[in-house]
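Just so it is clear, the model here is predicted, and its values are computed rather than measured. In what follows, chains carry the letters A, B, and so on, assigned in the order in which the sequence lines appear, proteins first and then strands, with residues in each chain numbered from 1.
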2 protein chains.
Amino acid sequence: MPQSPAAQAGRKSSRIQVRNRKRILEAALEVFSTHGYRGATLDQIAAEAGLSKPNILYYFEGKEEIHVTLLNQLLDAWLAPLRAIDPQGEPLDELMGYVHRKLEMSRDLPRESRLFANEILQGAPRMVPHLDSVLKPLVDQTAAVIEGWCVQGKLAPVDPRHLLFSIWATTQHYADFEAQVGVLMGEVDVHTGAAAHLEALFRRLLTPGLIVENS
Amino acid sequence: MPQSPAAQAGRKSSRIQVRNRKRILEAALEVFSTHGYRGATLDQIAAEAGLSKPNILYYFEGKEEIHVTLLNQLLDAWLAPLRAIDPQGEPLDELMGYVHRKLEMSRDLPRESRLFANEILQGAPRMVPHLDSVLKPLVDQTAAVIEGWCVQGKLAPVDPRHLLFSIWATTQHYADFEAQVGVLMGEVDVHTGAAAHLEALFRRLLTPGLIVENS
DNA sequence: GTCTATACCTCGATAGAC
DNA sequence: GTCTATCGAGGTATAGAC
């Protein structure tokens with residue numbers, strides 16, 4: 001009597017099982033990110049994955065488990081640039097590097113961005129525990145580092161958390177609101193313009209000792 | 001044979017009809033903004049409005065018409081601060097005033113913010129025509145004004161459209177991602193801190209002639 | 001492991017009494 | 001104008017053959 005892979009926690013999986021789970025999650029990312037949790041259907045995911053609907057449910061207990069698995073699995077990669085900030089590095093370089101890496105992620109991984117945006121926008125019903133246990137400690141830690149840089153005078157005084165919000169908001173905007181950006185910018189190279197703009201925006205904010213030029 | 005109010009285009013409406021349509025739209029704003037279009041149900045809207053489900057459908061042709069009506073009706077109020085930018089005013093004051101008005105709208109009208117965010121995030125299927133006919137001309141016009149200010153040296157050189165994106169993204173972030181902001185900031189006064197942060201962020205970007213202090 | 005068939009439910013919309 | 005009752009589509013999930 002074969003047990004569903006969804007139920008067998010620690011058991012070893014065959015290559016085909018691993019491959020199918022991957023295909024399902026890839027398809028689910030595509031569908032959930034464009035239609036939201038409620039708007040996505042198992043039919044769409046099955047079609048996208050090239051499997052039958054019952055076969056999907058052989059690998060996952062249900063729609064919700066697919067979604068939660070996806071969120072938790074992608075959060076690590078999504079937060080990698082934040083973890084990569086080096087407390088020993090040059091403060092301005094570290095933060096500007098973070099801005100540009102986040103912007104590149106919006107360009108290269110827009111589906112991930114929209115997946116999280118959809119979830120948080122609706123109150124993060126399936127992610128609050130994870131936000132609390134994973135994101136919050138990481139942000140607290142990073143905030144302390146930035147705070148230290150400010151005290152040392154390596155950065156202009158800034159509230160670390162609001163700074164992070166601004167970086168997230170401005171960079172992810174290009175992925176999350178792409179429909180609107182597309183209408184307003186037409187066919188121009190959005191990414192290059194955005195990179196230059198955000199470079200100016202955050203460098204001016206963070207550079208210590210800026211004053212108005214005497215004329 | 002009574003005709004549904006939904007069908008009678010130009011006919012005069014009774015006071016009770018006006019009131020009920022208002023109650024339905026108010027309820028719909030609450031429900032659509034927290035669950036998205038697909039996640040919202042007529043049952044929820046009916047319960048929120050204190051009416052029965054068929055009664056809702058006496059006033060509107062269907063779920064979609066309620067949503068479209070809501071979007072088109074609220075877009076005007078939502079864009080008011082942008083229209084309020086005065087080409088004759090002091091450039092820096094006009095733009096900083098816009099930033100603060102947008103931030104106050106995120107605090108006072110978070111449901112409107114999330115309603116639009118949900119819609120645009122999923123490709124704005126029911127709003128692209130309106131974005132094109134209403135938002136785009138307004139943005140083009142405002143961009144020209146800002147461009148002029150830059151040429152006159154009243155502002156630091158800046159791409160007007162990316163500037164607007166940054167203002168929208170940073171201010172609306174506090175409404176759209178409130179669930180995440182709440183987890184990361186706890187019970188502190190978010191609005192006051194955000195206002196101070198955005199004041200610094202955009203004033204530094206836009207002030208002409210900033211240089212690094214000689215020490 | 002994967003399929004067809006189907007049970008069962010939720011939801012949008014309608015019928016028809018009042 | 002508003003209600004109860006209900007239809008039919010579409011959705012998640014399961015049964016059971018292969």
Measure the shortest side-chain to side-chain distance between B/Phe32 and B/Leu71 over non-hydrogen atoms and say whether it is less than 4.5 angstrom. no
Please enumerate all protein N or O atoms sitting under 3.5 Å from an N or O of nucleotides 8-10 of chain D, with distances to 0.1 Å.
none

Does any non-hydrogen side-chain atom of B/Asp43 lie less than 4.5 Å from one of B/Lys53? yes
Provide, to the nearest angstrom, the distance between the OH atom belonging to A/Tyr37 and the C1' atom belonging to C/dT10. 14 Å
Would you say B/Glu199 and B/His100 are linked by a side-chain donor-acceptor pair, where the criterion is simply a distance under 3.5 Å? yes
Is there a donor in the side chain of B/Arg126 and an acceptor in the side chain of B/His67, or the other way round, less than 3.5 Å apart? yes
B/Pro54 has a side chain; which of D/dT2, D/dA5, C/dA5 sits nearest to it? D/dA5
Classify the nucleic acid contact of A/Ala40 as base, sugar-phosphate or nothing, counting any heavy atom under 4.0 Å across all strands shown. sugar-phosphate
Proximity to the side chain of A/Ile16 - top-ranked nucleotide from C/dG12, C/dG1, D/dA13: C/dG1
Any salt bridge between A/Arg101 and A/Asp108, counting N to O under 4.0 Å? no
Comparing B/Asn20 with A/Lys63, nearest DNA chain D nucleotide closer to 5' gives the residue B/Asn20
Are side-chain heavy atoms of B/Leu205 and A/Leu205 found at a separation under 4.5 Å? no
Would you say B/Asn55 reaches D/dG1's phosphate, i.e. side-chain N/O to OP1/OP2 under 4.0 Å? no
To the nearest 0.5 Å, tell me how far A/Leu135 CG sits from A/Leu82 CG. 7.5 Å
Check whether any side-chain nitrogen or oxygen of A/Tyr59 sits under 4.0 Å from OP1 or OP2 of C/dT2, and answer yes or no. yes
pair A/Trp78-A/Met105: side-chain heavy atoms closer than 4.5 Å: yes
Rounding to a whole Å, what distance do you find between A/Ile56:CD1 and D/dT12:P? 11 Å
Just N and O in the side chain of A/Ser52: are any of them under 4.0 Å from OP1 or OP2 of C/dC3? yes
Check the distance between D/dA13's P and A/His67's NE2 and give it to me in whole angstrom. 14 Å
Rounded to the nearest Å, what distance is computed from the CZ atom of residue A/Phe60 to the C1' atom of nucleotide D/dT14? 18 Å
In whole angstrom, give the distance that lies between atom NE2 of B/His35 and atom P of C/dT10. 16 Å
Show which side-chain atoms of residues 169-185 of chain A pair as donor or acceptor with protein atoms under 3.5 Å away, not counting sequence neighbours.
from	atom 1	to	atom 2	distance (Å)
A/Thr170	OG1	A/Ser166	O	2.7
A/Thr170	OG1	A/Ile167	O	3.2
A/Thr171	OG1	A/Ile167	O	2.7
A/Thr171	OG1	A/Trp168	O	3.3
A/Tyr174	OH	B/His162	ND1	2.6
A/Asp176	OD1	A/Ser113	OG	2.7
A/Glu178	OE1	A/Arg114	NH1	3.2

Axis-to-axis angle between the two ends of the helix from C/dG1-D/dC18 to C/dC18-D/dG1 (five base pairs per end, rounded to 10 degrees): 10°
Under 4.0 Å between a Lys/Arg side-chain N and an Asp/Glu carboxylate O for B/Asp140 and B/Arg161? yes
Interatomic distance, B/Leu42 CG vs D/dC7 P [rounded to whole Å]: 19 Å
Quick check: on DNA chain D, is the nucleotide nearest B/Gly50 upstream (toward 5') of the one nearest B/Lys53, or the reverse? Name the residue that is more 5'. B/Gly50
B/Leu57 CG to D/dC3 P: how many Å, rounded? 12 Å
Measure OH/A/Tyr58 against C1'/D/dG16 and give the value in whole Å, please. 15 Å
